[in-house]
Amino acid sequence: MTLIENLVFGFSIVVEPTNLFFCFAGVFLGTLVGVLPGVGPTATIAMLIPITFAMTPTAAVIMLAGIYYGSQYGGSTTAILLNVPGESSNAITAMDGYKMALQGRAGAALAIAALGSFFAGTVCTLAIALFAVPLGSIALKFNSADYFSLMLVGLIGAVALAHGSILKSLAMIMVGLLFGLVGTDIYTAVPRFTLGFVELADGINFVPIAIGLFGLPEILRNLEKADSAANAGIARSVGRLWPIKDEFRASTPATLRGTLLGGILGILPGAGATIASFMAYTLEKRVSRHPERFGNGAPEGVAAPESANNAAAQTAFIPMLALGIPSTPNMAVIIGALLVQGFAPGPTVITAHPDFFWAVIVSMRIGNAFLLILNLPLVGLWVQLLRIPYSILFPAVLIFCAVGTYAVDSNIFDVYALVASALIGYVLGKCNCEPAPLVLGFVLGAMIDKHFRRALLVSDGDPAIFIERPISAGLLAVAVLLLVITVVPGLRRQRDRMVEE
Amino acid sequence: MSEIIIDRAHSDMMRSVAVQRFDVKELIPALFFLAVGLFFLLNSIFVVGLDESAAGSAIFAAVVSVLLIGIAVSLLIKSFLTRGERLTFVGLRPLAAILAAPVVFGLTVRPLGFLPAIVMSLICASFADSTTPIGRRAIPLLLITVLCIAVFHYGLRLPFALIAGLNLH
Amino acid sequence: MFKGINRRQVLAIATGLATSLLLGQPALAADDYPNKPITLIVPFAPGGGASQGAQVIANGLEKILGQTVIVDNRPGGATVVGTAAAARAAPDGYTLLLGSSATSVNEGLIARKPYNALTDLTPIATTVDAPYVLLANNNAGINNVQELIAKAKAQPNTLRYGSAGIGSSHQLFMLYLMSLTGTQMRHIPYEGGNPAATAVASGEVAITFADAGAVQEMVKGGLLKAIAVSPGKRMEIFPEVPTIQESGVPGFDLTTWQAIMGPAGMNPAVVKKLNEAVNKVLADPELQKSLARTGKAAMSGTTDEFKAYFAADVERWKKVIAAAGIGGK
């Protein structure tokens, strides 16, 4: 069967009323869950699993998948409007998205995010349709050494996230790295930096840190202003709903690059939507001719991470659908649900159950379309919500963040992390220390350490493994290149400054 | 030290400002980085131990903390070399109210129940807002409480009892 | 505020409170148990295999006991956090724990924990039995256990095996195998069973144990080989795969299990009622079928059988862990 025939076949299955309904329900729920800070698709999916037992496997995956990529959409909305990332992968969107909102261009930001996500979703669904199995096998090519080098590239690129003092950004990255190392070391089973608290044995959760560093300080900053509670400088005017031509032009290449990067990173079990969004942002900033725009409301700064995280969310299904490998905990949950139904995705699925495979693929398109339709007009609703006096809005946002954070693991230390990050984010933010590098350091820190040591374990202590493996060697070369590109202009600037003096 | 404006409505209560001899924007981060770096470095050396092979348990942390301390020191030096502007922070009361509210929730949700926890947390948060009179705050806070219960308890079915001890699930 | 309530009503309320407090005592309440919702503490993250299995059992119990059974996920510290919370709870039968192999393993693995599973928990009923399968990379030249032993003996400490982390069942099973066969292999820990299996498929490690249900598709798709299964009897989902015992390692009969437990000091009548309810849930043919599809089996039995099994399990793993020199923190 040709691709078109397959797609039509899948389409015919998806438009069955039950499947269509579950598709819509899934993306709707996903959007809501994405908007709520802290609560994520994993918990929702887990909660709905018992309901899926009454559905066909096809409908089940259609709905659960919808929740997953729907939450990416919802998360970007609160990130842009309130600087509170709904999902960890939206933390980066908040950086430029919120600035755009403050400039009265929230509508454009939301539209760029939605369109970018839709584009990324479409391209990636096509990629899944055409190249599911070969793409899936990429997941199998990466070993620990390769992951380490990949993370290293990300880390060096993170320096690009800085605007302002490079020293401070480096320091923030390192602080993030160190906090990411808190937890039980998997190689020696020794708890590190936990001060004896068993609640810290699994490390500090990422969600409270993201919310605490981005969202809560914004509340504090808004409360500073005179007669603060009555009206704060939040994004009151959403502005035009549609981006202007300049913004379109700026966002298009960003969207393309973000899609490509996110698509590839989504396949790798060790990476994910969060890393994809960060890397896309740094890539965009790197290749931009006006890097100083980033962090001040650059539309590319919204387009890149949003398309990247949606691309990654879609391609995360590839290893599961094609090979039966769950690349993220979310996928594992979905696979689990299917298994109980007696239906296991994997290499045999495409040939043995073409109806399932193609229906899921087409449903992703339809789901993305639903999301577009849902989100753009919803902007009007958000505007109304934002007109609520801040004295009512801020307790609501605060309590939602608090409950959402605690609900993740019922761990009081998550709340402590939330509050501590808020304080740190607020005070240090005033001192021109950007929160984003810290977050990136945190995300990458633990993983870099893990992969590095595992690679050495595998090679029995021989560091040559990083150069012997072709993927790793290539990535290391990129890292070195990035380092040079980053440092040299800095050196030149130093030289110029010294010459001036 | 920098100005700390306690209560926005009473600007005449601003503390007087001493002559600024350093740039607080460099000093505060420097101190923070120094503290973090020292904590992790000392922890690496004494608690976790730097033994083991090159794939050692805390070597990575130790190296990074040393670098961090290095940056902290250089920022510290820099902070004394330049004069900075003043910084204004939100008052102590709003700050404490906002930071304490989530903690109040987290600590009371299991012993007291979801409903009391939300109510107490909201009350704590509302201390941050000194301009709105209490009367006008009551109804919106009630609405927020109802909304939270609807979304989290009935919608997401979080496993927290509405009121601890009662079987309202 | 008290205008609307007169003294009679206050007396009524007080009596009601007192009665319910009295009725809450374990010694009296066996007949109308349960009369309010039960919380099942699951010390695993929501959505994972363990938690889903617990949810299925909880749903079944709801129907039989006629009360809501809420799954309360409390992950952390390799089940220590949730287990400690359960051990602390009142033994009135309204807080239960999802025990598992991890509960017995932790006795030997983790010295510093706020409970002792043998004295602070009441075993009630086993639920599910989830055996493991031994996987091998396609290009490692290992087609069965005998070839594995030969290779391992030829190059001691060179062959790499994966696991879900130190102290995980994956590693412990391998340690037991190595002790029975006199071989030495290198341990490479991963973040979970799935990453370990992926590592076998990609070749970073040669072999690993893994939850049979979770990897069956990867095996069927030919991404890696299943060379043996861990229990004493062959598994339905891998009918042609021999057991480790059949492959020439007598005495190797291991599986991972889940069970319902409670804090110590529960009323024996309540324990009996729960045990019977669980066994009824496990007798459902639909449940058994869906369990079988995920490579698990219903594990019904009496409380005494469980008690004995649990104690033996704790002992066995204590020995293996001590011999391997891991844990004890």
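Heavy-atom basis, side chains included; hydrogens, waters and symmetry copies ignored.
Heavy atoms of L99(B) lying under 4.5 Å from chain A belong to its backbone as well as its side chain. For F40(B), the parts lying under 4.5 angstrom from a heavy atom of chain A are both the backbone and the side chain. In this structure, chain B has heavy atoms under 4.5 Å from both the backbone and the side chain of F179(A). Heavy atoms closer than 4.5 Å to chain B are found in the side chain of L398(A), but not in its backbone. If you measure heavy-atom distances from I399(A) to chain B, the contacts under 4.5 Å come from the side chain alone. Neither the backbone nor the side chain of I173(A) comes within less than 4.5 Å of any heavy atom of chain B. Only the side chain of S74(B) comes within contact range of chain A, with heavy atoms under 4.5 Å apart. With a 4.5 Å cut-off on non-hydrogen atoms, L67(B) touches chain A through its backbone and its side chain both. Only the side chain of L195(A) comes within less than 4.5 Å of a heavy atom of chain B; its backbone N, CA, C and O stay farther away.
Comparing C433(A), C431(A), P463(A), G212(A) by how many heavy-atom pairs each has under 4.5 Å with chain B, the most go to C431(A). With respect to chain B, the highest number of heavy-atom pairs below 4.5 Å among D414(A), N411(A), V427(A), V182(A) belongs to V427(A). No other option in V104(B), L141(B), I98(B), V103(B) has as many heavy-atom pairs under 4.5 Å with chain A as I98(B). Chain B forms more heavy-atom pairs under 4.5 Å with one residue of L216(A), L177(A), L181(A), V403(A) than with any other, namely V403(A). With chain B as partner, the option from L418(A), I448(A), L428(A), I219(A) having the largest number of non-hydrogen pairs under 4.5 angstrom is L428(A). The greatest number of non-hydrogen atom pairs below 4.5 Å with chain B, out of A396(A), A402(A), A171(A), is found for A171(A). Contact count against chain B (heavy-atom pairs under 4.5 Å) is highest for P395(A) among A420(A), P395(A), A422(A).
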- request: Take F33(B) and V175(A), measure what side-chain contact (heavy atoms from CB on, under 4.5 Å) needs, and give me the verdict at the end.
  value: CA-CA 7 Å; F33(B) 297 144; V175(A) 170; 3.6 Å; yes
- request: Check the pair L31(B) / L27(B) against side-chain contact (heavy atoms from CB on, under 4.5 Å), numbers first and verdict last.
  value: CA-CA 6 Å; L31(B) 290 175; L27(B) 185 62; 4.2 Å; yes
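Taking the six-membered ring for Trp, F148(A) and F466(A) have ring centres closer than 6.0 Å.
For the pair L147(B)/F400(A), a side-chain contact is recorded, criterion being any heavy-atom separation below 4.5 Å from C-beta on. For the pair L178(A) and S65(B), the minimum side-chain heavy-atom distance is below 4.5 Å. Looking at heavy atoms from C-beta onward, L95(B) lies in side-chain contact with Y426(A) at the 4.5 angstrom threshold. Taking 4.5 Å as the limit, every side-chain heavy atom of E218(A) sits out of range of all side-chain heavy atoms of L82(A). Between Y416(A) and P102(B) the shortest side-chain heavy-atom distance does not fall below 4.5 Å.
Between the side chain of S71(A) and the main chain of G30(A), no donor-acceptor pair closer than 3.5 Å is present.
Within 6.0 Å of CZ in F39(B) there are more than 12 heavy atoms belonging to other residues, nucleotides or ligands.
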